[in-house]
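Quantities reported herein were computed from a predicted structural model and do not represent experimental measurements. Numbered from 1 within each chain, the chains take letters A, B, ... in sequence-line order.
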Amino acid sequence: MAEYVWLIVLIPLIGFLINGIGGLSSEAYRKQKTLIGTIATISVFIPFLIALQIFFGMGADSEPYVARLFTWIEAGSFSSEVAYRVDQLSIIMALVVTGVGALIHLYSMGYMKDDEGYWKFFAYLNLFIFAMLNLVLGNNLILLFLGWEGVGVCSYLLIGYWYGDMAKSDAAKKAFVFNRVGDFAFLVAMFLVFRAVGSLDFDIILNNLSAFTPEITFWVAVLMFIGATGKSAQIPLFVWLPDAMAGPTPVSALIHAATMVTSGIYLISRFSSMYVLTPEAMLIVAIIGGLTAIVAATIAITQYDIKKVLAYSTVSQLGFMFLALGSGGFIAAMFHVVTHAFFKACLFLGSGSVIHAMHHVEHELEHEGKDVHFDPQDMRYMGGLKKYMPSTYWTFLLSTFAIAGIPVFSGFFSKDEILAFVFNAGMGEYSYIYFALWGMAVLTAFLTAYYMFRLTLTTFHGTFKLPSKVKGAEDSEKYLHESPSTMTIPLWILGGLAVIGGFMGVPDFFVTTFTSSDIKINWLHAWLDGVTSDSALVLSYGTKWILVAIAILIAVFATVLAYRNYDNDKGEASDAALEKRFGSLYQVWSDKYKIDEIYDASIIQPTFKLSDRVLAVFDMKIVDGFVNAVGGTVRFFGSLLRFVQTGVVQTYALVFIIGVILVLSLIIF
Amino acid sequence: MEILNDLLNYLPAAIVAVGGLVVMMMDGYKAKSRLIYQTTMFFLAGALVIATYDLLYQEVGTLFSDMAASGSTAAFGTFIVVFGTFFTVILTHDYLIGVKHNYPQVYPLLMFCTVGMIVLATANDLVTVFIGLETMSISLYALAGIIRDKQLGVESALKYFILGAFSTGFFLYGIALLYGATGSTNLSEIGAYTDGSMIYWGGVSMLLVAFFFKISAVPFHMWTPDVYTGSPTTITAYMSTASKTAAIVALVLILERALPYAADQITSTMAIIAIMTMVLGNTVAMVQDNVKRMLAYSSIAHVGYLLVGLAAGTDLGFTAVLYYLLAYSLMNIGAFGVVAYYEKNHDVHFNNIESYAGLGYKQPLMGILLSVFLLSLAGIPPLAGFIGKYLVFAAAVEAGLINLVIIGVLASAASAYFYLRVMVYLYFKESKEPVKLMKPLRVYSFSLVVLAVLTLYFGILPAGITELIASYFSGNGLAIVP
Amino acid sequence: MIGIEWYLGVSAVLFIIGVIGVLTRGNAIIIFMCVELMLSAVNITLVAFSSFMGDVHGMILVFFVLCVAAAEACVGLAIIIAIFRNNITADINKINLLRW
Amino acid sequence: METLLNITIYLPLLALVAFMFVKNDNAIRWIALIVTSLTFAVSLPLIFNFDSANSHIAQYVTESGPLLFGLDVNYIVGLDGLSLLLFMLTTFLGPIVVLSAWTSVKKHVGAFFAMLMLLQTGSLGVFASLDLILFYIFFELTLIPMYFLIGIWGGADRIAATIKFFIYTLVGSLIMLVALVYVGFDAGNAVNDGVFITDWRVLSGPEYQIGLVEQTWLFLAFSLAFFIKVPLFPFHTWLPYAHTEAPTAGSVVLAAVMLKMGTYGLIRFCLPMFPNAMVEFAPYVALLAVIGIIYGALVAMVQKDVKKLVAYSSVSHLGFVVLGLFALNTIGVQGAIIQMINHGLSTGALFLIVGMIYDRRHTRQISDFGGLAGVIPVFAVFFMIATFSSIGLPGLNGFVGEFLILMGAFTSETLDNIWFAIFGTTGVILAAVYMLWMFQRVMFGPIKHEENKNIKDLNAREIGLLVPVMIFIVWIGIRPTHFTQFSEHQVNVLLEEAAQKKNEILMSTNPAELPSWANKLYKVEINLAELKGDNNE
Amino acid sequence: METFFFVFISTLAIGTALAMVISKNTVNSALFMVLHMLSVAGFYTLLNAQFLAVIQILVYAGAIMVLFLFVIMLLNLDEDEKVVSKIDFKQLISFTLALVVLAQLLYITGNYAGVLPELTGEPIAAVGTVEAIGDELFTTFLLPFEVTAILLTAAVVGAMLLAQKTSNVIDE
């Protein structure tokens, strides 16, 4: 079955072409929304089935299978193929991408049904799936890069989907450019790799790691990581992701939570055997991951935009994953990728459902003839939605439990494993730093639970605050309603997965402690063990259990605290109290550490001013001026010389005589 | 009969001379101007046919007791001169009617002038050179001033005359000194001389001075812009091509036959003069607003390129120079012809470049023709001007004069500016006031088209003519004598 | 005996006097005469060479020079008449319409 | 086949003749379209029958006797791996360019198409010439039509632009002419019994070797002409003017074809004839190229005129090509060759697109647009693909070239410095910045100007002319080997021969006879010692 | 005797030449010119070129100078408009440059002695006769002679063309 892997990649592309060309060329086709949506969804769902089939045909010890299609780029000693790789890592990613992707397609059919550019949206989505599959299935760095850039483009197109709004297209551009900064590093990393081993094929690289000097290994690792920071929104390149929420919510769910942003984690996991050779680079990854996690979490606490909170949460969770990677817990990171994909996608879709409802309210009010405008994403206008949107509420709540790390929900297992690995890394080199990172991670876990419940409680509990806050929106709750089933079905599926997803990676010691046997219940670990190079956990059972206990305590404590502060419409008061307590620190959080402003002042404006005021002027005045000056000088001499021509014959004769003297002198002497 | 044979070999000159006398007599009997013109054309056509025949088949030799040469260079010079005159007369007739100064005496004068040119171009003795040169010059002095009731015309004639006569003094002095040094005025006998006394060098330099004057090389060029501007336009075309051709062919003959011994010194002198000529000609032309004056400076610049070829002094150099003369005659007569056409539609002062605005669209053919000629003058392939420049510079490169060539090409690049400028006005600007151009006479435009086609032809397929010219020099051992 | 260099010397001096005349005098007619002076100065050189070498060619050249001088005078004077009709002056310093 | 090549080159002139007799504007358009299409059709067998395994040997060669007696300039045309693709690109763009000018040119239609046809012949000749003088003639020949195209049908500031373009290019090429003639004589004395020779096949061969000192000067003279044409920083200032003022068709040909003559000349002439100089100057040239990449991008970023922005982006893109060429390894050179085609397609497409929008709105100021994506969706799609191609998105053509170039520069032994590639790579970021920003300001956001609300979307003609370009943009992006295969072998041979020639020349040099600057520049003693060391082993 | 004669004639020639150049009155200039021509004829006789001496007097002094005088009278040019009273900068330069040329010429001619072996050191009597000249003129120099005829005709036609007063324009 693995030999049909290319079909997985191809079908979404076909879907894209059908919808894209059809929609572009035919007005009638654009109106066939059901058809369009179905085609798009099916062209993701079929690959999912194929992937599933392949997955079931594989074992944890299966050899990687590579389907080579054709030579892509070839010049001199460089050659790369379009070849897709099926191994334990890539099939997991492919399953997530197509599975979650298919659900979100389904969801979008409901969510986007009133949109004019329906066909375009689905075309883009399919293209995104195509690119993402290239990323995860490609057998060499350059094909991975094709996907890498491809998802960037789709992200660009989808963030700026409502291009009529300049801010949205700004966000799109910002996303793309920040991604490109990362890509720059990625490219250089590729060059370094190629120079060292002469190929970009995964197999060849990973089998020839000895060809790297430690220095090169370090740099390749760091550069790849920088690439990953761009795509996976880590410090210092994370600022695009919150802005990326300008796109339609399914997009946020699919691209900016479940799939694209995790490609950095995939990349580093793919090269885990290289990373373990360079502890310094690992440390850098861990530090950046840890910092990102806590920074984003603190910002998330202060946000009111429902999607922004989720966005910062995503950044924070991604930081968590990188922390895992940097600590040697590659499988843990992948585990979190998967669980995060479930619950974060569910959260986003849930928020989309809420926004959909709020939009509906706004729309209906407008229909009533009232000129009411409010931000449908601002949670301060919400509240009490649980009785109007039960499905949304329940799935949202389940996912919140998952992300908060409440035991038996999926996030609990994955997060716990990460914490364990970070602590474990503290046992080796750079122990203090890793311990500090562990501390930060625990704090982040606390904050995560806190802000997620803040979000959930403010949105769904208490009373619907819109009527009281916005004039003219009285009685607007009558317009609130649950989303259609195309939207709720995916919510339930994802919510279910968020609940049970964690069982694929239940730590072995949960059982072994008690049975003293060597039983392996951690399926994921077993599955991925062959492709990644996890560091060994050297912790004792006791330590492990203590860590689990700490995690549970933290999560429960944060949950309780959040309930106290935010249930029953106390949200704003609590936030004010929080602001008072933390003072300027809170201000820094709510200002998002002013990172955007810093970028603007330190890089963007200077570059722009340099270009506008210096280079452009330099170009016109100096470079071109020099050229003009040469011409001008010649003309100037010409106009000087012409005045020798006085018109008086005797002057001419005089010049003649000078010429005579000249010629005589030249010839005689 | 030797004399008859000589005469047969000198037939173009003879025909033109007889023709000149005939039309002079016709003028005396008050024949119609048109008839005079037609007779002139008849004789010139005859001369042209024979000159063409001579060009292809005449054997190399000397005539009239070594006074004149036949074949090769001489035949080539004769051909260009007659060819140039032929077209000049066609253009002049129409032009003079246009500017209302169609004196019948112009035709005999042109014919006599042509005789002088042929004599000059075929001279094999300094005496013949002198007489030829003077016949040509004196006729040109008069021709420059034929628009005698306009100040500009006579002023140019006066300037030309004074400076021309002045240079004649130097020329004569040169001949005298050379005669004194070598004991002969015959070119080959002078060429046999290898003693190198001071008086020989003095003679050589004086001779060069006079030729530099005639071909208007800097700093002996001062008359050129004024005379070219003031003279009737078609006469300017004639002056700048036929007379220059005759003088340069004579110079080539002298350099080749009489002065191989002096080649080294001449090379350096020529190189310096060439640099001055190219630089001054091109830079000053850049700032001219009068098209005719611009073309005058451009013709100075072209002399600079010719001097580059002469400075090389090799077979290839002379070949290049002769080819260049042909190309230059074609394109310069053409360019002046179109300028004359524009001018006669208005008045004599209609030469300011501003007034060319938008003219390219009024009579498209004329605009295209002028563009072709100017582009050829600028040395843009695939026109004859390019091949000329290319050959000249190649010859200099072969002779190792790289620096000279670099300056030459840079000057040439600068020259593109002012040629293009004309086209800027012709095509890129709109005319401010409505200008009406009358349809050119068919023969007028036809002759210009012929010139343009030849310019193109010699640019694309120069092999035939260059082969012919190269055969004049190959094996003559003209390389620089150490 | 008078050596040839004396003739040549005198000839050169006369020639330069002619040149100076052309360069300094403003009257066109006098300039013409100065040109004639230059020609006749060269004639002396020619005749001297011819005579001292015993070769007649130089003298024949002088003969031609005389003819040329006559022709030049003829045309030159005609030009002066023409210019006088237009400008009412023979001062060449005032005849400078054509310049730059 | 030889005849076919000649027919391809001169077929456009046929239209020129036809224009003399046809007065009807529409007839002229159709004739132009038919003739250029025919040219393209006729040229197709050339690529299908091309033997890419022997791409280093010129194919379909026509060789005449001397054209210029005494200098033995021959008419030699043929195609090999280096020229084939560019030749085909030129014929391919012919009908497209004609179509692009279908309605936008209203005055002097006949003259316009005549100039285009002349330009076509000139460009084809440049790429097909195997004789240096012939190359030069065609090289210059292209100037005239372009001069008129810009001058007559150009924008407001066209006159200054066209004169600058013409003179600037002319200065460079004339200096090259001198060098070229010198080479002709030198080669004649060295390998051709004293007869002037400029046959590329002889000059590039291993027998003809030029001494180090001469190489330096000749290289500088040749490369100056090509650098101006490319244009490499700091010789680029004519380009923004010329591009901005030129009519659409002119811009397209200028960008797609004429700029390539510079890079093409560098690889075809400089490399095989002056290998030592090429190697020693490579770092300096690469430095200029990298400066050009970044500088062009930065200046492009702040342009207010769409066309000027694209023009500056050309400076940046051509910087990549030069960088690749001077990497002097197969990867880099192959990348450069394919990038030449890519730039031709993507920048050509961009100019076409800008022209289309100009036809509708008669402005090119970015600030006059905004929000067009909603009004003209089909246009937006094409514009977007071209933009993505231009910023080097994988899967489209631009990426292949840029990637190979940077990879080549990174691994180049000649440059021996990875920073060229690294700084060059920043151009990738900057390209995204300026192109997307421009795209955003033009296509996205609210519609600010009333006039923009009623713009018509592309008509069939415009779609028809863009689609082929887009097909190639995607095709090259996905299957670049279909295109790179033509030059692969030749590039290998060329580089090998050059390296060998370089060593041979070095071996035959006596350091004592060289002036000190040459010793220093070529590090003669060190290199010689190395070479001898290699030989002893 | 010969030396004396030479010195006398030289002095006369240079003196008249100078006088011609600096004379204020145009008519005086012309008259000095005539004198100068006569003295040049004296040189010719000294050099045994009797034929040329005669021609010189006939053509130059007789014909050409009369023509000059005639034109001067015709145009009333005898009152010279500008006298060489004020030596201005330009004239100074002209003068200096002319002297430089003179120095060069004298340097050239001064180096002449003994260059030609057949130079006897004194004029040879037989060359300047009418027969000798005539013989050469109509054989060797036939071509220049004939062309001179054309030259003179051309000069006449040219003079006619320039000096005619009526403009006989023929409009067609």
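Shortest non-hydrogen contact noted between B:Ile380 and D:Glu140 is CG2-O, 4.3 Å. Taking both residues in full, the closest heavy atoms of B:Ala413 and D:Ile167 are given as O-CD1, 3.9 Å, listed atom of the first, atom of the second, then distance. Closest heavy-atom contact between B:Val409 and D:Leu174: O-CD1, 3.4 Å. Closest heavy-atom contact between B:Ala463 and D:Pro66: CB-O, 3.7 Å. Of all the heavy atoms in B:Ala394 and D:Phe185, the pair that sits closest is O-CE1, 3.1 Å.
B:Ile368 does not touch chain D: none of its heavy atoms, backbone or side chain, sits under 4.5 Å away. D:Tyr182 touches chain B through backbone and side chain together, each having a heavy atom under 4.5 Å away. Looking at D:Ile137, both its backbone and its side chain come within 4.5 Å of chain B, counting heavy atoms on both sides. Of the two parts of B:Ser412, the backbone and the side chain both hold a non-hydrogen atom closer than 4.5 Å to a non-hydrogen atom of chain D. No part of D:Ser173 comes within reach of chain B, as not one of its non-hydrogen atoms sits under 4.5 angstrom from that chain. In this structure, no portion of D:Leu143 lies under 4.5 Å from any heavy atom of chain B. Looking at B:Leu410, the atoms closer than 4.5 Å to chain D (heavy atoms on both sides) all sit in the side chain, from C-beta outward.
From D:Ile144, atom CD1 reaches atom CG of B:Leu375 across 5.0 Å, with rounding to the nearest 0.5 Å. A distance of 11.0 Å separates OH in D:Tyr75 from CD1 in B:Ile460, rounded to the nearest 0.5 Å. In this structure, OH on D:Tyr147 lies 5.5 Å from CE on B:Met423, to the nearest 0.5 angstrom. One finds the OH atom of B:Tyr417 at 14.5 Å from the CG atom of D:Leu170 (value rounded to the nearest 0.5 Å).
Ring-plane geometry between D:His108 and B:Tyr361 is classed as parallel, the angle between the planes falling under 30 degrees on a 0 to 90 degree scale with a further cut at 60. Using cut-offs of 30° and 60° for the angle between ring planes, the D:Phe148 and B:Tyr427 rings count as perpendicular.
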For D:Phe196 and B:Leu316, run side chain to side chain contact (heavy atoms under 4.5 Å, CB included): C-alpha distance rounded to whole Å, both residues' side-chain angles, the deciding distance at 0.1 Å, then the answer.
CA-CA 11 Å; D:Phe196 184 90; B:Leu316 185 57; over 6 Å; no

Test side chain to side chain contact (heavy atoms under 4.5 Å, CB included) on B:Phe393 and D:Val181 and set out the steps.
CA-CA 8 Å; B:Phe393 289 140; D:Val181 171; over 6 Å; no

Starting from the C-alpha separation in whole Å, work towards a yes-or-no answer on side chain to side chain contact (heavy atoms under 4.5 Å, CB included) for D:Trp217 and B:Ile402.
CA-CA 11 Å; D:Trp217 297 121; B:Ile402 305 279; over 6 Å; no

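With respect to chain B, the highest number of heavy-atom pairs below 4.5 Å among D:Gly122, D:Gly151, D:Gly154 belongs to D:Gly151. The candidate with the highest count of non-hydrogen atom pairs below 4.5 Å against chain B, out of D:Leu180, D:Val178, D:Ile152, D:Asp186, is D:Ile152.
Residues D:Ile163 and B:Phe428 have side chains not in contact (no heavy-atom distance under 4.5 Å, counting atoms from C-beta outward).
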